[in-house]
Amino acid sequence: MAVLSKYLPGAKKAREDHFEKDDPRQYLMHDPIPRGQMNEMVMESMHATSWKFWMVFGILSVLVAVCFFYAWGYMIAEGLWVAGVMRPAYWGIFLVNTVFWIGISHAGTFISAILRVFKAEFRRPFTRAAELMTTFGLIQAGASIFMHLGRVWLSYWMFPLPNQRELWPNFHSPLMWDLLAITTYVLGSTMYLYLPLIPDLAMARDRSTGWRKTFYRILALGFRGTEGEWRHLHTAMNFFAFAIIPVMFSVHTIVSWDFAMAMRPGWSSSVFGPYFVLGALHSGMGAVAIVLFIMRYTMKHMDYFIRKEHFDALGKLMMMVSFTYAYFIFNDYIIQWYGGNLATDNLLHWLEEGPMSWMFYQMILFNIVIPFAVLWIPKVRQTPWLLAVVGLLINIGMYWERYIIIPVMLTINNMPFTWKLYEPRIEIYLTIGTFALFLLFYMAASRLIPLIPVWEVQEGQMAHTMRKIGKANVSTISDFE
Amino acid sequence: MIRKFFKWAFSPMGRIAVAIAILSLFSLAAYGLYQTQQAPEQPIQFTHKLHVGLGIQCLYCHPGALRGPSPGLPTISKCWGCHQQIAKTQTSALLKPMVEAMDKGVGFTWVPVAQVPDFVHFTHRPHVAAGLNCENCHGDMTQVTIAVNPQVMNMGWCLSCHKERAAGDKEKLTKLTDCGTCHY
Amino acid sequence: MSEKITRRNFLKLTTAGAATAAIMTGCGPASRYVTREPYVKMPEYTYNGLSTYYATTCRECAAGCGIIVRTMQGRAIKVEGNPQNPINLGKTCARGQATLHGLYNPDRVENPVRQGRSAPQLSTAQVSWDEAIQTVSDALSKTNASEVAFLMGTAPDHLFDLVSDLADAIGAPAPLRFSALSMFEAQATLSKAAEDLLGQAGLPFFDISNADVVVSFGANFLETWLSPVAYTRGYAKMRRSRPRTRGYMVHFETQMSQTAAKADEWIPLLPGTEGLVALALGKLVAQLKGISAPRAFASVNVQQVVETSGVSMEQLTRVAELIAESHAPLAIPGGQALGQSNGLAAAEAILALNALADNFGQPGGVLLSPLAPNSGAHRRPANAQEMSDLVAKMKSGKIKVLFIHGVNPLFELPQSFGFAEALHATPTVISFATFPDETALASDYIFPDHHGLESWGYQRSQTGVMQSVLSGSQPVVAPNYNTRATADVFIEAARLAGGKFAQALPFADEVEFIQSKIENLIARTDGSFIAPEINAFSAYFQQHGGWWASSAESDSLSAANALGKSLNVSSVAASIGENEFFFLPFVSPTLGEAGANKPWLQELPDPTTTVMWNTWVAMNPETARELGIENDDVVRIVSEAGSVEAPVYKYPAIHPNAVAMPFGQGHTAYGRFAAGRGANPTDVLAPSFNEAGDLAFAGMKVRIEKTGKQQPLSRLESRIGVYGEGMYEEK
Amino acid sequence: MQMTVDLNRVGAKGAIAEAAEGKWGMSIDRDLCTGCQACVAACAMENNISFVGEEDAGYGRTQHWIRIERFWEGAYPNVKIAGGYQPMMCQQCGHAPCEPVCPVFATPHSDAEQLNLQVYNRCIGTRYCANNCPYQARSFNWRDYHTMPERGNMVNGKLVFPLHNQFNPDVTVRRRGVMEKCTFCIQRIHKAQDKAKSEGREVMDGEFAPACAQACPADAITFGRIDHKDSLVSQRSNEGRGVKHLEDLNTLPRVTYLKEG
């Protein structure tokens with residue numbers, strides 16, 4: 001059993017100035033409470049629903065019914081003319097949504113898999129919340145892809161099913177790679193959501209009655225918490241954690257190839273792979289900040305689990321991602337500019353001073369300038385609502401980024417006679433619909449499954465101890481693995 | 001409530017009821033499928049068997065197969081050409097529509113059984129020119145009264161024959177398996 | 001059974017075949033409940049699944065192009081040019097292609113109706129054809145012959161001959177042929193000038209194909225002018241048919257039309273100065289050639305021309321040099337140059353320029369269009385003056401019965417002529433319109449004629465070809481609706497009226513009339529085919545799509561007449577006041593005068609502006625900036641005669657002091673694709689005429705008022721990408 | 001035994017450029033094109049292309065398979081149309097960017113005719129091909145324009161569409177949600193080949209033409225075999241004025257534009 005030792009976040013400053021005043025109990029890992037009590041807290045957070053919850057739930061249900069299902073049905077019945085897509089912007093907000101949601105979904109995997117692999121301890125209370133975002137985000141991404149198809153009822157032709165026509169899907173098409181990558185990612189991330197959920201479901205099963213008991217009993221797969229079960233679970237989780245990381249990177253790289261493989265000014269760029277992955281992380285981190293903020297302030301007992309330290313750590317992560325993102329955006333545009341292709345030049349001019357340039361500048365402002373400017377400040381990082389606002393701005397910026405890459409860049413092509421500006425029409429409703437569906441799923445999930453991975457928190461609390469080394473108060477972690 | 005239902009469903013009576021329900025669902029579906037496969041109602045119960053048996057060539061009534069895309073249905077005056085010499089024509093109830101059509105000059109409608117969708121551009125001429133006989137695709141007409149489609153005329157069926165006949169000839173194979181040969 | 005009878009029977013039978021068009025939906029896999037109806041009797045020349053082709057004549061304008069229509073199972077599917085017809089040699093224009101959208105237009109007059117002037121609705125008071133013929137017969141026989149008027153389309157076709165014969169026989173005034181196209185082309189002026197200088201009235205033939213330098217004065221011969229397909233072919237030959245010689249083209253016009261866009265040089269000038277420029281050019285050419293200026297050009301002051309026209313001295317000199325050095329220069333007078341108060345003088349000046357170049361009767365010069373067979377006394381289309389006289393007669397109650405066929409004067413005549421009131425003052429108005437147009441809806445009866453592709457007939461060529469051509473028409477499909485050939489209606493009505501009427505038209509039907517008219521061609525041995533007797537002859541006539549002389553004819557012409565005359569072109573381009581503009585209506589190149597109800601013509605972008613489905617006001621961007629007008633801002637154009645509203649298109653190639661507007665839209669009726677769409681520029685035209693009686697439509701002074709409204713124009717072009725440097729100004 | 005490798009097949013449907021010069025080709029003389037739109041109308045009539053109405057047309061949803069482009073150059077009074085009118089349609093690239101991106105092979109390359117095909121019934125409407133077409137030559141069926149109720153008449157309670165009578169039975173009427181584009185009038189190619197084969201000969205140069213070339217009053221469009229050196233289209237393409245558009249993208253277009261002058 002190795003003993004890892006590291007300073008607590010902010011501990012250095014505390015050590016120097018207010019050595020004694022820095023109470024380690026402000027950190028979740030050093031603020032253990034009895035397991036039974038913690039379990040009860042989590043159970044209570046699931047059970048507690050107020051009229052506010054149901055009101056929001058109701059509004060979202062109506063939004064989903066109208067903006068998602070009705071609007072989509074209407075579009076299928078009427079044809080794509082109700083949307084704003086046209087020549088030359090054959091792709092519009094649907095694909096923007098797809099890329100956006102896939103980006104959001106990256107946060108979950110990143111936080112739970114990469115941070116788990118690297119043993120970043122602050123992740124413990126919110127891995128579940130992030131993983132849920134992965135799964136629910138991917139559902140929206142998938143729906144958006146299908147929305148944009150002209151004949152969605154024939155979309156099964158994209159799957160390699162044996163048929164009498166002797167026709168296979170075209171494996172040369174980036175869309176085909178996309179389909180395979182996203183499918184893999186959906187399956188992988190759902191599994192990866194489910195595995196760490198099993199102990200918590202078992203916990204919930206043991207503490208509930210009625211239909212919930214049946215529900216949890218079925219989902220918990222008879223988990224009893226024996227040594228052998230834990231060993232298998234850990235093996236499986238480790239396996240998935242390592243397996244899902246390359247999938248995560250590949251998915252967004254492949255999504256970027258939809259664009260990078262195309263012969264268009266602005267799209268045909270070799271840096272798109274990592275650029276998109278970083279962009280995805282950027283928006284994902286922002287989204288996690290928003291979700292954590294909402295969880296902390298709307299759900300019972302969450303102020304125990306989600307604390308300043310988590311926002312602080314997330315803020316630092318966001319800042320780092322923002323740095324890297326800045327590099328890639330610079331790289332992408334400078335190389336395109338340097339290429340000197342006439343159509344690309346036109347495109348850059350268009351971004352610079354066309355009618356959509358406000359979006360371009362806002363993107364730079366929200367994605368780079370604001371995170372750069374404010375995330376240095378510990379006060380901002382540690383104030384949940386401020387971090388949530390920064391996260392929101394980053395998400396808006398990242399949405400604009402995808403909007404610029406798809407409809408705005410599609411405006412400019414090699415045939416200036418066809419340049420036309422895209423206006424979203426029914427897409428706006430459908431976008432609202434996907435957001436509402438995402439939130440609805442999330443709200444439902446918050447009352448059905450424990451949003452806090454209780455066992456992980458408890459494991460962490462057991463592993464963490466404060467030790468005095470010399471004069472310093474040092475947090476130590478015992479690694480059980 | 002749900003628990004009660006499951007309890008009932010696993011009781012002996014419940015099992016039988018569930019089995020009956022599933023069976024009736026399947027048979028309904030089967031009946032629906034069967035219905036779609038039934039020959040449609042035709043204005044005249046035309047017996048191919050009889051006409052072919054009399055030695056009339058297919059191309060006599062469907063000459064378009066030799067010239068162009070569509071073999072065509074015989075005009076009613078063509079039927080009349082022979083039938084006017086047959087006494088039974090005037091008396092037979094089955095042939096009444098033809099007699100009426102001839103008198104009034106207004107035709108009647110057949111429901112074609114061997115059909116390709118409108119996005120397939122099938123032309124009879126090259127197939128006849130390639131030495132295919134009618135029965136290769138349309139079955140043995142000496143055995144049927146109203147024409148029935150002996151096989152599902154789908155793309156796999158077309159392709160299997162195209163591949164078979166073009167085996168060994170690369171240029172021909174390219175032409176015969178080209179999407180643009182039938183779809184445009 | 002003669003040829004024509006079997007063909008007619010066949011057409012009736014094909015209606016049954018038309019019902020078999022079952023595979024038309026395109027909705028997924030064809031349902032098994034598709035039904036097929038075989039013919040009761042197979043029409044001749046018809047095979048299952050194979051097309052039948054019929055030669056006929058395009059009726060979309062008066063040029064008389066031969067077309068071949070592909071039909072299948074009784075449906076007309078595609079119009080293709082008749083490669084044998086010397087006018088178009090197998091080519092067609094967009095309007096010819098879209099003629100099928102007229103044939104199958106969802107808005108046709110399907111039955112004879114008692115319309116009762118109940119515009120804007122098509123009446124549902126159906127009458128039988130017997131009643132209809134009785135009505136026509138009564139109108140003919142119970143009215144004083146001098147109080148009957150016939151108003152027809154421009155095409156010199158068999159129906160015109162028939163009606164002329166009838167009018168002659170009963171002592172009624174000769175039928176008038178009119179269309180907006182002939183008005184905007186100022187055909188009467190050109191005809192008069194040709195009579196004065198060439199010695200033969202009618203439309204001269206400009207042999208563009210053999211010319212080296214073409215100087216066009218507003219002649220938009222690539223769009224709608226006289227015989228556009230023939231002249232486009234001439235243009236192509238002028239450019240590319242000769243080794244090492246590429247013809248050069250200069251175009252004088254206030255705005256850049258589609259034709260001007262194809263010129264090597266477009267020289268903008270003020271409207272009304274075309275004649276002056278021609279005279280100045282003549283003088284300069286004479287100087288360059290080192291001969292004394294002929295009398296025609298002697299009196300012009302070149303410097304003054306430079307000042308009034310806005311054409312610089314350098315430009316004039318360069319064009320003069322081009323003409324002087326060329327072997328075969330050709331000057332063409334177009335509608336915009338002639339539709340001026342000095343139009344006749346301008347036409348003569350431009351023709352005199354040709355005389356100076358000594359190209360009369362020469363290849364690459366001005367030739368006399370050979371008279372088509374059966375031309376008889378040449379009757380040109382009515383000019384605006386004659387239409388105005390007709391309107392005056394109608395208003396004063398001197399016309400009791402008006403028959404209208406093939407023309408829509410409520411739309412095509414400027415509103416200021418007062419045709420609406422004139423119609424009101426006419427007791428009986430009988431329209432033979434195929435489509436529910438404005439005039440038809442304002443008449444007492446509509447006895448619909450077949451569509452051109454459903455009818456028999458012939459049509460004489462007017463110009464565009466150096467052969468004598470009589471294009472033949474035959475029905476390519478059976479009539480879709482309960483319509484009847486107007487010629488048949490007149491023949492029947494005349495028979496019913498008896499007496500001199502029956503004697504005037506002693507024919508069984510339209511086909512017999514046509515045969516009687518083409519019978520004299522059997523004797524001619526120089527034709528495209530020879531036949532011993534009329535049945536064989538008319539069979540060939542239908543098969544080939546007409547009859548034409550097998551070789552070109554040309555007469556020698558003398559230039560002396562033209563050069564000896566003293567020409568004095570008065571300057572009309574007076575100064576314009578503040579916020580005053582020269583107004584230039586022009587016929588839309590894609591719609592023509594009657595294309596607005598054909599949806600695919602509406603969807604065709606205008607060649608110069610790429611606007612679809614609407615009317616626009618072309619305005620120089622600089623002018624628009626000064627007035628504070630943006631693209632798509634609706635402006636009101638006001639003249640003393642009226643006003644019209646349309647959105648602005650900032651057009652970079654128009655004189656800053658002029659605004660232009662296409663004619664062709666602005667219908668209040670004429671079917672769902674035309675009604676309520678765009679605006680009609682003739683609403684602002686005042687009835688002022690030139691010496692030849694043509695409307696002086698070009699360069700009328702108008703004011704422009706902003707309305708504060710906006711109406712986005714549908715353009716095919718990008719609003720971002722086509723203006724080069726200023727690409728981001730537009731939004 | 002020697003293995004022969006068909007580069008077209010190995011090369012990811014054109015990833016390795018076709019060595020051959022193609023089969024059917026076209027030359028368009030911009031000096032002659034008068035922009036008269038006859039080709040556009042002829043194309044629409046031949047190929048059952050739907051019109052879309054004013055609003056959709058202005059919004060960039062026209063279905064034209066061929067469009068005539070024109071660009072302004074200079075300012076008044078020296079303004080002119082740069083290089084003349086330019087008809088633009090599918091260039092039938094030998095190495096087409098649209099082909100590899102379709103996930104369902106709805107726009108494969110015809111090895112027999114060397115054309116880019118569009119198989120309407122296979123298309124699921126991802127519109128990737130249209131995005132990737134550098135010529136913007138593809139148009140999408142945004143809705144069932146042909147059966148819009150306002151285009152029909154009520155006859156005895158049933159909606160009938162008189163305009164449908166004009167449809168060409170040789171060309172599929174496309175429904176909504178599928179991509180379409182210029183086919184070089186492949187139905188005419190097939191017809192001519194079928195006729196020639198039944199007469200035991202090759203298709204002759206100029207024996208048939210696509211609807212646009214057939215209608216063009218100025219004869220600006222020439223169509224034929226570009227792999228036959230003596231065909232008219234080869235001669236015109238090679239006379240020295242020829243330019244192929246966006247050749248630097250290595251699309252191997254089959255349409256040659258002849259410059260003005």
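Numbers restart at 1 for each chain; the letters A, B, ... are given by sequence-line order, proteins then strands.
- Residues D:Glu69 and A:Met415 come closest through the heavy atom pair OE2-SD, 3.8 Å.
- Interface summary for chain D: among A:Asp178, A:Leu167, A:Ile145, the most heavy-atom pairs under 4.5 angstrom belong to A:Leu167.
- Contact between D:Gln136 and A:Thr418 at its shortest, heavy atoms only, is CG-OG1, 3.6 Å.
- Counted within 6.0 Å of OH on A:Tyr429, heavy atoms from surrounding residues, nucleotides or ligands total 12 or fewer; the atom is thus considered open.
- Using a 4.5 Å cut-off between heavy atoms, A:Phe159 makes no contact with chain D at all.
- Judged by the 6.0 Å distance and 45° axis criteria, D:Arg176 is not positioned over the aromatic ring of A:Trp81.
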request  = Applying side-chain contact (heavy atoms from CB on, under 4.5 Å), run through D:Thr62 and A:Arg87 and close with a yes or a no.
outcome  = CA-CA 8 Å; D:Thr62 47; A:Arg87 173 196 289 150; 3.6 Å; yes
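- Atom CZ in D:Arg127 sits 8.0 Å away from atom CG in A:Leu149 (nearest 0.5 Å).
- The heavy-atom pair separating D:Gly177 from A:Arg151 by the smallest distance is O-CG, 3.5 Å.
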request  = Determine, step by step, whether A:Trp91 and D:Asn131 satisfy the side-chain contact (heavy atoms from CB on, under 4.5 Å) criterion, reporting the C-alpha distance in whole Å, the side-chain angles of both residues, the deciding distance to 0.1 Å, and the verdict.
outcome  = CA-CA 8 Å; A:Trp91 287 353; D:Asn131 271 346; 2.9 Å; yes
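- With a 4.5 angstrom heavy-atom cutoff, A:Leu179 does not touch chain D via any of its atoms.
- For A:Trp168, the part lying under 4.5 angstrom from a heavy atom of chain D is the backbone only.
- The aromatic rings of D:Trp142 and A:Tyr90 sit parallel, their planes meeting at an angle under 30°, below the 60° perpendicular limit.
- A:Arg425 forms a cation-pi arrangement with D:Tyr59, by the criterion of a distance under 6.0 Å to the ring centre and an angle within 45° of the ring axis.
- Top candidate by heavy-atom pairs under 4.5 Å with chain D, chosen from A:Leu95, A:Leu410, A:Val82, is A:Leu410.
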